[in-house]
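Some notes on the structure that comes next.
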Amino acid sequence: MKLELEHTYSFVGKDAVKAYQTKITETYETVYAKKGAGNDFLGWVGLPSEIDESLITDIEKTALELRKKSDLFVVIGIGGSYLGARAVIEALQNHFAPLTGEKPLVVYAGHNMSEDYLKELLAILDKIDYSLAVISKSGTTTEPAIAFRLLKQHLIDKYGEKEAASRIVAITDKAKGALKQLANVKGYKTYIVPDDVGGRFSVLTPVGLLPIAMAGINIRQLIAGAVEIEKMCKSNPTLEGNPVSEYAVVRHFLYGMGKTNEIMVNYEPRLVYFSEWWKQLYGESHGKEHKGIFPASVTFSTDLHSMGQYIQDGIRNLFETVISVENSNHELRIPMEADDLDQLNYIAGKRISEVNHKAELGTMLAHEDGGVPVIRIVIPEVSAYVLGQLIYFFEMACALSGYLLEVNPFDQPGVEAYKKNMFALLGKKGYEEQTAVLNRRLGI
Ligand code: PA5
């Protein structure tokens, strides 16, 4: 992977970025020496190279066993407990996976509280052999807990207690939380989310690895890609020749210039969920104390016909980070037509990817002209190895950016506000005072 910044340096002076050399090396030191805010959540830093071989083998074995008896695998989790897995799976599976007949298909639950979604899922589960992973570090999150209660009962009704238990994997804290107690009582296969790895940094733990292995993806390749970037950062915690540092510093500079919105751009729809993963990572890590870049995402050229107008001409508080994919997995050329009624013969014979690349370059220059700096991250292809590289790249850059912003990148105190109100409105014990206040505000 390569980081291309020429089109950003016309907005941010190269020398200004270079002046951050000492600062960035000190910031790495804060991470590695565990001296900064949230330092008890830095387990992800050495994780790629420290993953136990026995854990990888165990995950592969569990996946193999469950794959044999499952046409569908349901991943129950929310936020960091499902987005990493979904990002990798959707990036690597066929765009039309549900129609290819390849099994098992991975689907998701517990990331919403939609009655319709869950009812329709249960109707499908009536007709199909399935197993599931219930993933919650805290073991108490409402959305996955509701989905698990429903699906657990469904499994028991369908297969009986014993077989149902053999189709459930619980991924949670080693001791705390309702899910851990339940898993102990019912004898589910269990994997541990390490104490020092927060949800949004947990894709290279069983949280991400089991669902990814269930999708038939080589988790060793994913880990190997992450190891490469882990080692690169460790051996070169500078700005020179380290794209992670450069990305962190450049986006920090852009933020200082009033570019308070970063748009993750892809030209490959298979990367949509990678952007979703990135948005959670950056949004939850940096959006606090009334600070932080707002992370957004678009898929081009699709969204050039919707959001393109705003990006070109709207409020100039935007910059883009483009994931540019050099090589497609397949080859397809535009056919020649004798009558050329659609006037496309000028590109006949060209690969679709060539047209897509020209759209990408043309858009970059147009947006630059419109006052939108464009950072480019060029990857050779979308593969498990490259996704592993990108995961570690963005995780480390997220930690560095958070420390440059002077926030704790590893907590998420703001997430509690909606939960407290929801519990109060649902009449949960202990929230009586809040219930009365909220009911008054709502005129109930
Ligand atoms: O990054 C985080 O910590 C959060 O997004 C969590 O992953 C999310 O809230 C789910 O939490 P849990 O795994 O405890 O159910």
Side-chain angles (χ1 to χ4, degrees), residues 1-31 229 232-233 236-267 275 278-279 281-283 285-287 289-298 300 307-308 310-324 360-379 390 393-407 409:
M1 58 181 288
K2 287 183 295 221
L3 180 69
E4 291 182 358
L5 289 168
E6 306 89 82
H7 296 274
T8 321
Y9 281 134
S10 57
F11 293 86
V12 183
K14 205 168 187 170
D15 289 342
V17 171
K18 273 198 178 147
Y20 256 64
Q21 181 57 76
T22 312
K23 179 80 182 159
I24 200 70
T25 304
E26 283 168 5
T27 310
Y28 272 108
E29 171 60 14
T30 306
V31 173
I229 307 299
M232 188 264 293
C233 289
N236 178 22
T238 71
L239 267 171
E240 215 46 59
N242 181 339
V244 177
S245 322
E246 259 193 305
Y247 172 64
V249 171
V250 166
R251 67 192 296 287
H252 185 67
F253 258 86
L254 290 167
Y255 177 63
M257 292 165 59
K259 304 288 183 190
T260 53
N261 294 265
E262 178 175 7
I263 307 174
M264 178 63 66
V265 181
N266 70 72
Y267 285 78
S275 295
W278 170 85
K279 282 195 287 195
L281 183 63
Y282 280 66
S285 298
H286 299 155
E289 299 173 31
H290 298 180
K291 295 196 272 191
I293 295 171
F294 182 81
S297 64
V298 291
F300 286 164
M307 298 305 289
Y310 191 102
I311 297 171
Q312 188 70 45
D313 276 344
I315 299 174
R316 302 298 70 194
N317 57 0
L318 312 173
F319 69 99
E320 290 177 326
T321 297
V322 177
I323 306 269
S324 176
E360 181 186 327
L361 295 176
T363 305
M364 176 181 72
L365 297 174
H367 288 180
E368 193 181 340
D369 291 343
V372 178
V374 180
I375 296 172
R376 290 182 87 218
I377 297 174
V378 182
I379 57 173
L390 286 176
F393 175 99
F394 283 116
E395 286 182 347
M396 181 54 91
C398 178
L400 298 172
S401 296
Y403 284 152
L404 292 175
L405 193 63
E406 298 180 354
V407 297

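In this chain, residues are counted from 1 in sequence order.
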message = In the structure I gave you, are the side-chain heavy atoms of F394 and Y282 within less than 4.5 Å of one another anywhere?
response = yes
message = Looking only at side-chain N and O atoms, does S401 offer a donor or acceptor that is under 3.5 Å from a partner on Y255?
response = no
query = When the ring planes of Y20 and H252 are compared, do they come out parallel, tilted or perpendicular, using 30° and 60° as the limits?
reply = tilted
task = Mind listing the closest non-hydrogen atom pair of P237 and T25 along with its distance?
result = O-OG1, 2.9 Å
task = Can you run down the salt bridge (charged side-chain N to carboxylate O under 4.0 Å, His left out) pairs that involve residues 15-27, sequence neighbours left out, and say none if there aren't any?
result = none
query = Can you name the salt bridge (Lys or Arg N to Asp or Glu O under 4.0 Å) partners of E395, sequence neighbours left out?
reply = none
message = Can you tell me which residue among E360, E320, E6 is in a side-chain hydrogen bond (donor to acceptor under 3.5 Å, both in side chains) with R376?
response = E360
request  = Measure up the Y247 and F393 rings against each other and bin them: parallel (under 30°), tilted (30 to 60°), perpendicular (over 60°).
outcome  = tilted
key: For the student: nearest non-hydrogen atoms of H7 and S10, plus distance   = O-OG, 3.4 Å
request  = Please report the C-alpha distance between L390 and I379 in whole Å, then the side-chain angles of each, then the deciding distance to 0.1 Å, and finally whether the side chain to side chain contact (heavy atoms under 4.5 Å, CB included) criterion is met.
outcome  = CA-CA 9 Å; L390 286 176; I379 57 173; 4.0 Å; yes
task = Kindly give the heavy-atom pair with the smallest separation between L405 and G292, and that separation in Å.
result = CD2-CA, 3.7 Å
query = Going by heavy atoms in the side chains, are H367 and Q312 under 4.5 Å from each other?
reply = yes
